[in-house]
Amino acid sequence: MQKLTKVFIVDDNQEAIEVLQRLLEKNYSVDIVGTACDAKSAAETIIQTEPDIIFIEDELPTMSGLEFCSLIRQDINS
């Protein structure tokens, strides 16, 4: 049995999350381990679920996608 790729999606638009989730599940062997609409809840859940891939919007309400990646990297390395 093929191992599923664990995916986490971060976007402040719930409809965009749902569309991407459907596309990924239909076309790839993925397990959507979580979704979030804001950086704070996303960071906490990403640390817990340890996804293989994170899809993130480039501009979240409280920070950019690059700032979010830096935040996550710091939390993981702590």
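Just the heavy atoms: all of them, side chains too, but no hydrogens, waters or symmetry mates, feed the values below.
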Return the minimal non-hydrogen interatomic distance between [X] and [Y], and the atom names on each side.
X     : Y     : value
Ala43 : Leu71 : CB-CD2, 4.3 Å
Ala42 : Phe68 : CB-CZ, 3.8 Å
Asp12 : Glu59 : OD2-O, 4.5 Å

Rounded to the nearest 0.5 Å, what separation is found between the [atom1] atom of [X] and the [atom2] atom of [Y]?
X     : Y     : atom1 : atom2 : answer
Lys3  : Asp31 : NZ    : CG    : 10.0 Å
Glu57 : Ile9  : CD    : CD1   : 12.5 Å
Ile17 : Ile32 : CD1   : CD1   : 10.5 Å

Just do the side chain to side chain contact (heavy atoms under 4.5 Å, CB included) check on Leu24 and Phe55 with the steps written out, would you? CA-CA 11 Å; Leu24 290 170; Phe55 287 88; 3.7 Å; yes

With the 4.5 Å side-chain cut-off for hydrophobic clustering, are Leu20 and Ile56 part of the same group? no

Is there a side chain to side chain contact (heavy atoms under 4.5 Å, CB included) between Val30 and Glu25 once you walk through the steps? CA-CA 6 Å; Val30 298; Glu25 290 175 336; 4.2 Å; yes

Evaluate whether atom CD of Gln14 has more than 12 neighbouring non-hydrogen atoms of other residues, nucleotides or ligands under 6.0 angstrom away. yes

A quick test of your reading: do over 12 heavy atoms of other residues, nucleotides or ligands sit less than 6.0 Å from CG of Leu23? yes

Given Thr5 and Ile53, is the side chain to side chain contact (heavy atoms under 4.5 Å, CB included) satisfied, shown in steps? CA-CA 8 Å; Thr5 301; Ile53 299 174; 3.7 Å; yes

Option among Thr62, Leu66, Leu60 that satisfies the side-chain contact (heavy atoms from CB on, under 4.5 Å) test with Ser64: Leu66

Solution key, residues 45-52 side-chain donor-acceptor pairs under 3.5 Å, sequence neighbours excluded:
unit_1: Thr45; atom_1: OG1; unit_2: Ser41; atom_2: O; d: 3.0
unit_1: Thr49; atom_1: OG1; unit_2: Thr45; atom_2: O; d: 2.9
unit_1: Asp52; atom_1: OD2; unit_2: Lys6; atom_2: N; d: 2.8

